[in-house]
Amino acid sequence: MSKAAEIDLASVTKRYGATVAVDAISLRIPAGTYCCLLGPSGCGKTSTLRMIAGHETVSDGDIALGGAVVTDLPPAKRGTAMMFQSYALFPHLDLVENVAFSLRMRGVGKAERRAMALEMLTLMQMEAYASRRPAQLSGGQQQRVALARALITDPEALLLDEPLSALDPFLKVRMRAELKKLQARLGITFVHVTHSQEEAMALADLIVVMNNGRIEQAATPREVFEQPATAFVARFMGDHNVVSGRSAGSLDGLAVLDVPNGGSFAATGPAGNAGEPIDIAVRTDHVRIGEPARKGLGFTGTVANIEYRGASVKLSVDGAGIEDFTAIVDDRRFNARPVRVGDAVPLNWDAEDAMVLGRLKT
């Protein structure tokens with residue numbers, strides 16, 4: 001296998017006419033990293049992946065792989081391989097010829113390319129199906145063949161465009177475990193586009209959260225989960241409540257936030273100037289119910305919805321100028337002191353579970 005390549009993006013922009021799909025992003029993906037580009041549809045993650053692959057031109061900025069600038073090189077000259085969302089297997093060719101196709105285009109002899117293709121199919125535990133055609137395979141088997149076809153070129157980086165989106169939920173869990181093991185075994189850089197927070201958390205060493213063509217945060221899964229950089233990241237990851245208002249200065253070492261038509265809340269972090277817009281995040285799974293609210297670290301609200309989730313219960317609460325505030329409660333604690341929709345319930349949390357969020361510069 002090739003050595004893994006570090007990938008560097010320097011102020012990379014992609015325009016489609018008047019539309020800016022990727023807005024001057026800079027990012028370093030260390031060699032051998034499993035990186036997930038994460039975000040909603042239209043955030044720029046697939047355009048970024050395709051620019052790294054060479055399938056889209058770069059409007060401004062530069063891309064380097066392994067220290068060499070590849071901005072203007074064609075895909076075949078970059079040392080990358082791309083696995084497409086649709087897998088794009090040739091229906092009239094057997095698996096060996098599908099996997100060997102790129103070597104055939106490079107003029108590699110039939111015997112050599114078939115031997116290499118069988119080696120890749122063996123790596124994917126698909127050698128027993130070598131004579132079959134794609135239509136005779138399951139979705140997970142087709143994915144393994146597409147991976148084998150991408151890896152046969154001996155790339156320094158493998159680029160994956162939503163590779164699990166076509167699979168059923170059970171198979172997705174199995175295949176992401178196989179992808180993680182494969183990346184660890186090969187040691188090459190993986191860049192994987194997804195809109196699934198769970199998928200990114202399970203796979204990535206580095207999560208890059210994108211929104212409106214910009215990077216909101218690039219960090220480890222744990223940091224993205226526990227310390228979201230912006231209100232968008234906190235909302236998108238789904239594990240924090242975001243409360244927006246204006247700074248009311250600080251009190252007892254905590255920033256104080258006033259919510260329009262509601263209460264005041266305290267959080268760990270800089271308060272900024274009085275009257276400035278400020279966002280804070282409160283961990284959903286650290287919110288306690290049924291205990292008296294403490295000043296700035298809780299409120300009493302009305303239960304708007306209850307969802308049973310097996311090991312936990314999700315409550316949505318309105319009050320203190322906030323709508324749809326979420327608490328994730330252990331099912332045993334909830335069942336010991338159950339509440340119903342329409343009940344008034346006090347909520348509280350600790351100061352370390354509320355933090356001031358940053359804002360991207362405009």
Side-chain angles (χ1 to χ4, degrees), residues 39-41 169 195-199 201 209 211 224-228 230-252 254-269 271 275 277-357 359:
S41 296
H195 59 266
S196 166
Q197 298 91 332
E198 181 182 334
E199 195 172 295
M201 293 288 288
V209 184
N211 179 40
V224 169
F225 179 83
E226 294 188 351
Q227 298 177 295
T230 65
F232 174 83
V233 176
R235 289 191 179 102
F236 187 76
M237 296 306 295
D239 51 279
H240 283 79
N241 294 290
V242 177
V243 181
S244 299
R246 294 194 175 274
S247 173
S250 58
L251 180 67
D252 298 330
L254 298 175
V256 179
L257 163 92
D258 284 342
V259 178
N261 304 316
S264 294
F265 296 91
T268 303
I278 187 174
D279 303 312
I280 68 169
V282 180
R283 281 278 295 266
T284 59
D285 57 332
H286 289 184
V287 176
R288 296 181 291 268
I289 65 169
E291 300 179 21
R294 291 173 292 164
K295 186 174 182 180
L297 297 171
F299 67 96
T300 297
T302 303
V303 178
N305 192 42
I306 299 172
E307 291 182 6
Y308 176 64
R309 295 184 165 192
S312 64
V313 178
K314 176 184 176 183
L315 283 81
S316 297
V317 180
D318 299 336
I322 305 172
E323 292 184 358
D324 200 24
F325 190 93
T326 298
I328 305 294
V329 184
D330 178 272
D331 69 316
R332 287 177 296 181
R333 290 186 180 181
F334 178 83
N335 290 325
R337 299 178 65 180
V339 297
R340 298 180 179 180
V341 172
D343 286 355
V345 58
L347 308 177
N348 77 56
W349 52 86
D350 295 329
E352 58 265 30
D353 297 318
M355 69 184 77
V356 176
L357 296 168
R359 289 173 175 249

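When reading the values below, keep in mind they use all heavy atoms of this one structure, side chains included, and skip hydrogens, waters and symmetry mates. Bear in mind that the values here come from a model prediction, so they are computed numbers and not experimental data.
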Test item: His240 and Pro228 side chains (from C-beta on) under 4.5 Å apart, heavy atoms: yes
Show every donor-acceptor pair shorter than 3.5 Å between a side-chain atom in residues 300-320 and any protein atom, with sequence neighbours excluded, or say none if there are none.
from: Tyr308; atom 1: OH; to: Gly310; atom 2: O; distance (Å): 3.4
from: Ser316; atom 1: OG; to: Asp324; atom 2: OD1; distance (Å): 3.2
from: Asp318; atom 1: OD1; to: Asp324; atom 2: N; distance (Å): 2.7

Spacing of CD belonging to Glu352 relative to NE2 belonging to His286, to within rounding of 0.5 Å: 9.0 Å
CG on Asp350 to CZ on Arg283, rounded to 0.5 Å: 11.5 Å
Donor on one side chain, acceptor on other, Asp239 and Thr284, under 3.5 Å: no
Partners meeting side chain to side chain contact (heavy atoms under 4.5 Å, CB included) with Arg332 (sequence neighbours left out): Asp330
Side-chain donor or acceptor of Asn348 paired with backbone N/O of Pro292 under 3.5 Å: yes
Heavy-atom check, side chain of Ile280 versus side chain of Phe265, under 4.5 Å: yes
Spacing of CG belonging to Asn241 relative to CG belonging to Asp353, to within rounding of 0.5 Å: 11.5 Å
Nearest-0.5 Å distance, NE2 of residue His195 to CD of residue Gln197: 8.5 Å
Whether Phe325 and Phe299 hold their rings parallel, tilted or perpendicular, with breakpoints at 30° and 60°: perpendicular
Met355 side, atom CE; Glu226 side, atom CD - distance, nearest 0.5 Å: 8.0 Å
Within 6.0 angstrom of Arg359 CZ, more than 12 heavy atoms from elsewhere: yes
Residue Asp252 excluded, over 12 heavy atoms near CG under 6.0 Å: no
